[in-house]
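Chain naming here is simple, since letters A, B, ... match the order of the sequence lines and numbering starts at 1 in each.
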Number of protein chains: 2
Amino acid sequence: MLTGVNIMLTERQLLLLQMIIDDFIDTAHPVGSRALSKKEDIPYSAATIRNEMADLEELGFLEKTHSSSGRVPSEKGYRYYVDHLIAPISIRNDIKIINDIIKDGFFEFEQIVQMSAEVLSELTNYTSIILGPELNDTKLKQIQIVPLNDHTAVAILVTDTGHVEHRSFTIPTVINASDIEKMVNILNERLQGVPIVRIEEVFQKEITALMKLYLRDFDTSYEYLKAIFLHEHPVKLYIGGKSNILLQPEFNNVDKIRSFYTMMDNENEIANLLKNTKHGIEVTIGTENEVDAIKDLSLITASYQLGKGQMGTIALLGPTRMEYKKVISLLSSLSNEMSDALYKWYKSYE
Amino acid sequence: MLTGVNIMLTERQLLLLQMIIDDFIDTAHPVGSRALSKKEDIPYSAATIRNEMADLEELGFLEKTHSSSGRVPSEKGYRYYVDHLIAPISIRNDIKIINDIIKDGFFEFEQIVQMSAEVLSELTNYTSIILGPELNDTKLKQIQIVPLNDHTAVAILVTDTGHVEHRSFTIPTVINASDIEKMVNILNERLQGVPIVRIEEVFQKEITALMKLYLRDFDTSYEYLKAIFLHEHPVKLYIGGKSNILLQPEFNNVDKIRSFYTMMDNENEIANLLKNTKHGIEVTIGTENEVDAIKDLSLITASYQLGKGQMGTIALLGPTRMEYKKVISLLSSLSNEMSDALYKWYKSYE
DNA sequence: GTTAGCACTCGCACCTATCGAGTGCTAATG
DNA sequence: CATTAGCACTCGATAGGTGCGAGTGCTAAC
């Protein structure tokens with residue numbers, strides 16, 4: 001993107017940049033030349049480091065909070081750090097934990113995902129967000145209707161991702177048991193394989209006509225039945241550790257907290273954040289993200305696969321001063337773990 | 001409770017106390033004698049008011065934030081205000097709104113409740129909490145098992161409150177279709193009317209033995225089937241407007257916000273708050289509530305009825321400086337509205 | 001090229017002065 | 001005798017002043 005990023009840095013500059021960012025991520029305090037020169041791995045004097053720091057600042061990798069403060073990484077600095085300075089870290093025991101939880105007897109997709117979100121936020125102290133699979137790619141697999149009594153019934157919808165949902169509705173008085181059976185047959189025949197987002201449309205256009213042929217007085221029933229499909233299909237969001245953000249020292253003033261929480265209350269906005277993620281891991285640092293509410297936060301996203309290629313997204317939201325090393329490796333392993341676990345689980349529904 | 005509360009106050013003291021509390025609820029600023037004397041309804045001089053204020057403080061109804069500040073209501077003051085000074089306010093248009101939403105075509109209990117919670121918090125700018133009906137009184141009404149394919153099935157549980165739940169589980173290979181039918185019959189026969197909280201126990205003690213008689217190799221199946229009932233039955237909590245609290249001026253420091261949000265993340269603690277509410281409206285002011293995390297908040301609870309007498313709770317959580325007038329009338333009407341709407345809805349499930 | 005030295009900058013913590021809103025008390029008033 | 005005007009006093013909030021320390025940039029010496 002920025003061609004300037006490819007400027008050659010000397011070995012020493014690389015070392016210093018890395019040390020500075022590591023230190024700042026660790027302590028949240030601006031890093032000074034003297035403190036840095038005292039570190040084990042640094043054989044240079046404070047004065048030398050000051051010179052290098054001035055150069056790194058001129059190149060845009062570092063910033064000062066005021067004219068005589070220590071240095072703080074700039075967004076460009078973090079970007080360079082993430083792109084070039086992070087050694088692929090060995091995968092930790094953390095992953096084992098998640099793995100164990102996933103394996104440890106689960107029954108619903110929702111539970112796996114919610115638990116993963118919680119574990120993830122607990123391991124990182126950031127806020128985790130998991131987006132369910134894209135509905136665009138999810139198709140209806142099966143419908144069942146189970147009468148509960150004379151005037152109510154439950155419809156069970158199963159998708160090809162193995163997601164099960166139920167909807168209660170009132171049975172129109174004009175319909176009897178054999179009608180329902182006919183109806184279920186028609187619905188299954190016609191709606192199998194139809195993408196969830198198009199079901200309402202298909203139901204109205206194709207099936208209504210068909211049903212009129214087979215069912216007496218279908219027009220009356222229509223009002224009741226459409227409730228099954230009209231039902232909004234919100235994108236499922238699983239959020240963990242919302243209040244972790246309060247532990248971060250950068251969230252020390254009420255305004256920041258307020259804007260963070262008002263954003264987190266708006267599911268649409270969050271869903272938008274995660275919508276356009278591609279395969280693999282993506283790191284967005286501060287204003288690299290257009291969404292205003294997180295302009296001083298970093299967002300790390302990873303995609304996971306679900307069965308036949310539907311994609312979901314796992315993300316972590318934290319201050320730009322984020323433990324990128326840990327988070328990136330954690331997220332990449334978790335997305336693999338989740339894909340694996342969900343694939344196995346998905347197989348069992350075929 | 002406190003006998004001291006019954007001390008006779010003069011007309012003037014009552015008037016002043018009311019004006020002071022009203023004013024403070026409105027502005028959140030300590031109320032001074034001079035400002036008060038300028039009000040329309042107050043024909044007394046600042047000096048007189050100061051004398052009365054000193055008396056009211058001595059009686060424990062008012063406090064000072066520091067030695068030369070204006071007066072602020074004490075908890076005892078709020079308590080007196082709520083018990084004696086609130087004129088039953090005319091019910092506003094607010095209620096119509098809720099009413100409309102409830103009537104406006106719904107399908108699930110959850111939706112009514114969640115929407116009510118959101119409306120409630122929006123109307124008040126406080127945090128609303130609605131607790132689902134007490135599980136102790138809720139009984140199982142019906143079980144259905146619907147096979148989805150050779151190795152998975154969905155169990156549908158219906159309670160006498162009309163609540164429907166589904167649970168996916170793996171069908172043991174040793175069981176076939178006719179076994180399932182037998183099973184469902186046994187389950188329905190034995191579990192109907194059993195309180196939700198006792199289902200797991202009854203299933204283990206009574207039904208397991210019975211099923212061994214009728215089903216081959218039931219021991220193997222048991223492991224799979226118990227999943228249906230083992231499933232935790234969390235108390236359902238519906239929370240609206242969590243971040244409304246940030247709008248209150250008393251939440252101007254990070255620590256308070258932190259302790260509030262960490263409490264709100266703990267559903268058990270919240271459920272405990274609302275557990276022991278009785279019929280009717282209850283107001284708990286500040287430390288009147290034993291729970292430490294809300295010791296400078298007020299909690300107003302109202303119960304609602306669901307069908308055969310199961311009880312749920314609606315609550316509002318806000319600063320002790322709460323608009324008690326508005327909130328109390330709002331809550332009492334809403335609880336009636338909800339009871340009515342749910343009763344009708346419940347009837348349709350009988 | 002590296003480093004020691006030094007003047008300089010700025011945030012922060014602490015103190016101080018001032019201002020204003022509010023009080024308690026006393027003495028005057030109807 | 002209740003009410004009120006007057007006045008000294010208190011305290012929080014705000015603004016300006018001082019000293020300290022961590023840190024910088026620059027220069028000159030190594």
Identify every side-chain donor-acceptor pair in residues 15-34 of chain B under 3.5 Å, counting partners at least two apart or on other chains, and give the distances.
{"unit_1": "B:Gln18", "atom_1": "NE2", "unit_2": "B:Leu85", "atom_2": "O", "d": "3.1"}
{"unit_1": "B:Asp22", "atom_1": "OD1", "unit_2": "B:Tyr81", "atom_2": "OH", "d": "2.6"}
{"unit_1": "B:Asp23", "atom_1": "OD1", "unit_2": "B:Lys39", "atom_2": "NZ", "d": "2.7"}
{"unit_1": "B:Thr27", "atom_1": "OG1", "unit_2": "B:Asp23", "atom_2": "O", "d": "3.1"}
{"unit_1": "B:Thr27", "atom_1": "OG1", "unit_2": "B:His29", "atom_2": "N", "d": "3.1"}
{"unit_1": "B:Ser33", "atom_1": "OG", "unit_2": "B:Arg50", "atom_2": "NH1", "d": "3.1"}

Check: residues 291-300 of chain B side-chain donor-acceptor pairs under 3.5 Å, at least two apart:
{"unit_1": "B:Ser298", "atom_1": "OG", "unit_2": "B:Tyr324", "atom_2": "OH", "d": "2.8"}

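Side-chain atoms of B:Thr48 and B:Ser45 form a donor-acceptor pair, as typed in the model, at a separation below 3.5 Å. Using modelled atom types and a 3.5 Å distance limit, the side chains of B:Glu75 and B:Thr287 yield a donor-acceptor pair. B:Asn244 and B:Thr127 form no side-chain donor-acceptor contact under 3.5 Å, judged by distance and modelled atom types alone.
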Report, one pair per line, the protein and nucleotides 15-17 of chain D atoms (nitrogen or oxygen only) whose separation is under 3.5 Å.
none

Distances under 3.5 Å between protein N/O atoms and the N/O atoms of nucleotides 2-13 of chain C, please, pair by pair.
{"unit_1": "C:dT2", "atom_1": "OP1", "unit_2": "A:Arg12", "atom_2": "NH1", "d": "3.0"}
{"unit_1": "C:dT2", "atom_1": "OP2", "unit_2": "A:Arg12", "atom_2": "NH1", "d": "3.3"}
{"unit_1": "C:dT2", "atom_1": "OP2", "unit_2": "A:Arg12", "atom_2": "NH2", "d": "3.0"}
{"unit_1": "C:dT3", "atom_1": "OP2", "unit_2": "A:Ser45", "atom_2": "N", "d": "3.2"}
{"unit_1": "C:dT3", "atom_1": "OP2", "unit_2": "A:Thr48", "atom_2": "OG1", "d": "2.5"}
{"unit_1": "C:dG5", "atom_1": "O6", "unit_2": "A:Arg50", "atom_2": "NH2", "d": "3.2"}
{"unit_1": "C:dT9", "atom_1": "O3'", "unit_2": "A:Ser67", "atom_2": "OG", "d": "2.9"}
{"unit_1": "C:dT9", "atom_1": "O2", "unit_2": "A:Ser68", "atom_2": "OG", "d": "2.5"}
{"unit_1": "C:dC10", "atom_1": "OP1", "unit_2": "A:Ser67", "atom_2": "OG", "d": "3.3"}
{"unit_1": "C:dC10", "atom_1": "O5'", "unit_2": "A:Ser67", "atom_2": "OG", "d": "3.4"}
{"unit_1": "C:dC10", "atom_1": "O4'", "unit_2": "A:Ser68", "atom_2": "OG", "d": "3.3"}
{"unit_1": "C:dC10", "atom_1": "O3'", "unit_2": "A:His66", "atom_2": "ND1", "d": "3.3"}

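Using a 4.0 Å cut-off on heavy atoms, the residues of residues 32-41 of chain B that approach DNA chain C are B:Gly32, B:Ser33, listed by number.
Using a 4.0 Å cut-off, some side-chain N or O of A:Arg71 falls inside it from OP1 or OP2 of D:dT24.
Ring centroids of B:Tyr261 and A:Tyr261 are separated by less than 6.0 Å, placing the two rings close together.
Across the protein-nucleic acid pair, B:Met53 atom CE and C:dG22 atom P stand 9 Å apart, rounded to whole Å. Rounded to whole Å, atom P of D:dT24 lies 9 Å from atom CD1 of A:Ile20.
Using a cutoff of 4.0 Å between basic side-chain nitrogens and carboxylate oxygens, A:Arg71 and A:Glu57 are scored as salt-bridged.
End-to-end axis angle of the helix from C:dG1-D:dC30 to C:dG30-D:dC1, using five pairs per end and rounding to 10°, comes to 10°.
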